[in-house]
Structures are given as C-alpha cells and as structure tokens.
J.: 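Once you've had a glance at the structure underneath, I'll fire off some questions.
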Number of protein chains: 2
Amino acid sequence: MRHKNVEIVAEKCALQEILDVIGGKWAMSIIYALFSGTRRFSELERMIPGINTRMLVKELKNLTQNGIVTRKVYPTVPPTVEYTLTPKGRKLEPSIAELYKWGQEYVK
Amino acid sequence: MRHKNVEIVAEKCALQEILDVIGGKWAMSIIYALFSGTRRFSELERMIPGINTRMLVKELKNLTQNGIVTRKVYPTVPPTVEYTLTPKGRKLEPSIAELYKWGQEYVK
DNA sequence: CAGAATCCACCTCGATACTG
DNA sequence: CAGTATCGAGGTGGATTCTG
C-alpha cells in the first residue's frame, strides 16, 4: 500500500476556499439550516442555538462574499432580509450531509 | 419552500467534533494524503507543501487523539514512525473527496 | 528521522450595548 | 427586525532552534 513516489497533495487554492466556507465555527450550521430553504435572519438565529448576532452577521457576510448565499432585502418596516443558498452553495449539500452522518455515527 | 416551524439544527456535539477533525488549517490535507495509504512523518511533510514541522506534529497528535489516525513507532535508528487512517478516518473519505471536487469546480 | 520547546503576531469568538 | 460598534480573552498558526 506504500508508494515510492510521494505525490504532492492539496493545491492550496481549493483548500483555502473550502476552509473559508466551512471552516468557521458556525458556517456549517448556517449552510445546513439553509438546506431546508430560504430563511430570514431571525429564523436562522433561532434555528442555531448558541450563536449570537455578531457571529451570524459575520458568517452570513462571509458566505455571501464567497458566493454561497444570496441576500435579499425587502424595503419594509420593520426590515425583512432573506438568505438563500446559491447553486454553488447547494452543491455543498452532499458533502456536508455526509459529514453530519459521520459525526452522528462517531459521537462519543 | 418556507417552513412555518423553525427546526433546531446542528446539535453541537457532532459539529464540534467534525470541526475538531477537519477544521484545522492542515487537517484535510493530511487526511487526504493518508487516503493513499500509510505514510511516514517525513513523507507527509513532503506531500504537503507549506506545512512546517510544528504544525504537522500538532495536527497528527490531534488526529490521533480523535481516533482518525494511528501512530506506529518502529524502534530503529534513526526512528521510523508511520501514520495510518483508522476505519473511522477512512469513513471521512467520501465527504472529503466531495469537498475537494467542489473546491476544484468553483475555484476562481 | 521525528519530533519538542519557545516566542509572538495575529485572528476568532463571545458578551454586551446601541440604532434606523 | 436586522443589523453595527466596541472590548477583551483566548486560541491558532508561523518561524526558528534544539535533541535522542
């Protein structure tokens, strides 16, 4: 099973972005929550116990900049903002669902 | 596509361990490298450009403690140490392979 | 060869208070 | 409702040097 020639793995650009997207403490929770459909800011806040406003804002901004979610603002009073996964974001579903399964199988 | 009832997602224990395992800057590279089979410390160091000794040691220790890799020491001079994925570690293969594919598809 | 030991510059995250 | 602003503690990762 050992190879004599050691191939170089992990070209950094791809890895960098993957960790940018799912490496944050709350990122996977948010993406996971959005798998079930479009959500408002306050809905996400309630779906993810333990997160606080600052973290949710920050992570959503990051995910938006990375093209994972879109942010739609309705000019109502009080304001309404909805977050939805982009196609790029939805393509994360299989991997993240698998990771969740893994985590549940091996939780101590 | 909107649900009236907001389900709670992301029970924290599972997520916590997933991020513990793959959230580190070099963790995925190491696991990915070990998909191809057992590797020595120095092999891993060469397979993963940009990593340094301290980080490789630290991450391997973490992965060992999390039951992802096993560490086998041969009492030779100079020392030989081999790292291998456990069954638990190998079960990460589908998710991580998917993530890699995703990263390569969406790299800017 | 396979680490251990230091030192340090960030950076991340949490809590809290405030606003259009 | 959906954020912004501020503060501080702790953690993370990088460079480098040393050792059995």
Side-chain angles (χ1 to χ4, degrees), chain A residues 2 4 6 10 12-13 15-31 33-34 38-66 69-84, chain B residues 2 4 6 10 12-13 15-31 33-34 38-66 69-84:
Chain A
R2 295 284 298 281
K4 232 20 182 183
V6 162
K12 55 182 131 308
C13 31
L15 255 185
Q16 197 69 3
E17 178 163 7
I18 295 170
L19 287 181
D20 233 49
V21 171
I22 64 155
K25 182 170 179 185
W26 300 102
M28 279 206 287
S29 303
I30 296 173
I31 297 173
L34 290 175
T38 298
R39 295 291 179 184
R40 297 184 60 175
F41 186 88
S42 53
E43 286 181 309
L44 290 172
E45 207 162 11
R46 270 172 286 135
M47 291 172 84
I48 305 171
I51 201 171
N52 62 23
T53 305
R54 194 178 89 89
M55 281 299 111
L56 184 53
V57 170
K58 194 178 175 184
E59 204 58 67
L60 283 171
K61 195 171 292 180
N62 180 39
L63 291 172
T64 304
Q65 281 166 359
N66 276 297
V69 309
T70 52
R71 180 176 181 272
K72 187 165 186 184
V73 185
Y74 297 90
T76 55
V77 178
T80 303
V81 181
E82 288 185 342
Y83 293 90
T84 313
Chain B
R2 296 282 298 279
K4 230 25 182 179
V6 162
K12 55 181 128 312
C13 32
L15 255 186
Q16 196 69 4
E17 178 164 7
I18 294 170
L19 286 181
D20 233 47
V21 170
I22 64 156
K25 183 170 177 184
W26 301 102
M28 279 206 286
S29 302
I30 296 173
I31 297 173
L34 290 175
T38 297
R39 296 293 180 182
R40 298 183 58 176
F41 186 88
S42 52
E43 285 181 310
L44 290 172
E45 207 160 12
R46 269 172 287 134
M47 289 172 85
I48 305 170
I51 201 171
N52 63 22
T53 307
R54 194 177 91 89
M55 280 301 111
L56 184 53
V57 171
K58 194 178 175 186
E59 204 58 65
L60 283 171
K61 193 172 292 177
N62 180 39
L63 292 172
T64 304
Q65 282 167 358
N66 276 296
V69 308
T70 53
R71 180 175 180 273
K72 188 165 186 185
V73 185
Y74 297 90
T76 56
V77 178
T80 302
V81 182
E82 287 185 344
Y83 293 91
T84 312

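Treat the numbers as computed from the prediction; the structure is a model and nothing was measured. In the text below, chain A, chain B and the rest are named by the order of the sequence lines, each starting its count at 1.
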J.: Side chain of B/Thr53 only, heavy atoms from C-beta on: which candidate in C/dA4, D/dG14, D/dA2 is closest?
T.: C/dA4
J.: Is it the case that the side chains of A/Tyr83 and A/Arg71 hold a donor-acceptor pair, with the cut-off being a distance below 3.5 Å and no angle test?
T.: yes
J.: A/Ile48 has an atom CD1; how far is it from atom P of C/dG14, in whole Å?
T.: 12 Å
J.: For A/Val57, report the nucleic acid contact type (base, sugar-phosphate, nothing); a contact means any heavy atom under 4.0 Å.
T.: base
J.: Under 4.0 Å between a side-chain N/O of A/Ser42 and OP1 or OP2 of D/dA2, yes or no?
T.: yes
J.: Considering the terminal five base pairs at each end of the helix from C/dC1-D/dG20 to C/dG20-D/dC1, what angle separates the two local helix axes, rounded to 10°?
T.: 50°
J.: Quick check for you: among C/dA15, D/dC1, C/dC1, whose closest atom lies nearest to any side-chain atom of A/Asn52?
T.: C/dA15
J.: Looking only at non-hydrogen atoms, find the nearest pair between B/Pro78 and B/Thr76 and report the distance.
T.: O-OG1, 2.9 Å
J.: Hydrogens and angles aside, do A/Asn62 and A/Glu59 bring a side-chain donor and acceptor to less than 3.5 Å of each other?
T.: yes
J.: Across the strands shown, which category fits A/Thr80 at heavy-atom distances under 4.0 angstrom: base, sugar-phosphate, nothing?
T.: sugar-phosphate
J.: For A/Glu59 and for A/Pro78, locate the closest nucleotide of DNA chain C by heavy-atom distance; then report the residue assigned to the nucleotide nearer the 5' terminus.
T.: A/Glu59
J.: Do B/Arg54 and D/dG13 share a donor-acceptor pair, side chain to base, under 3.5 Å?
T.: yes
J.: Measure from NZ on A/Lys61 to P on C/dC13 and round the result to the nearest Å.
T.: 15 Å
J.: Does anything in residues 21-28 of chain B reach DNA chain D, meaning a heavy atom under 4.0 Å, and if so which residues?
T.: B/Gly24, B/Lys25, B/Trp26
J.: Assess whether side-chain contact (heavy atoms from CB on, under 4.5 Å) is satisfied between A/Ile22 and B/Ile22, documenting all intermediate values.
T.: CA-CA 10 Å; A/Ile22 64 155; B/Ile22 64 156; 4.0 Å; yes
J.: A/Tyr83 side chain N/O closer than 4.0 Å to the phosphate oxygens (OP1, OP2) of D/dC1?
T.: no
J.: Regarding B/Tyr74, tell me which of base, sugar-phosphate or nothing describes its non-hydrogen contacts under 4.0 Å with the strands shown.
T.: nothing
J.: For B/Ala27 versus B/Val21, what's the shortest heavy-atom pair and its separation?
T.: CB-O, 3.0 Å
J.: Could you name each residue pair satisfying side-chain hydrogen bond (donor to acceptor under 3.5 Å, both in side chains) that touches residues 49-58 of chain B, not counting sequence neighbours?
T.: B/Glu45-B/Thr53
J.: Between A/Glu43 and A/Arg39, which heavy-atom pair has the shortest distance, and what is it?
T.: OE1-CA, 3.2 Å
J.: It should be established whether B/Lys58 places a side-chain nitrogen or oxygen under 4.0 Å from OP1 or OP2 of nucleotide C/dA4.
T.: no
J.: Distance check: side-chain N/O of A/Arg71 vs OP1/OP2 of D/dG3, anything under 4.0 Å?
T.: yes
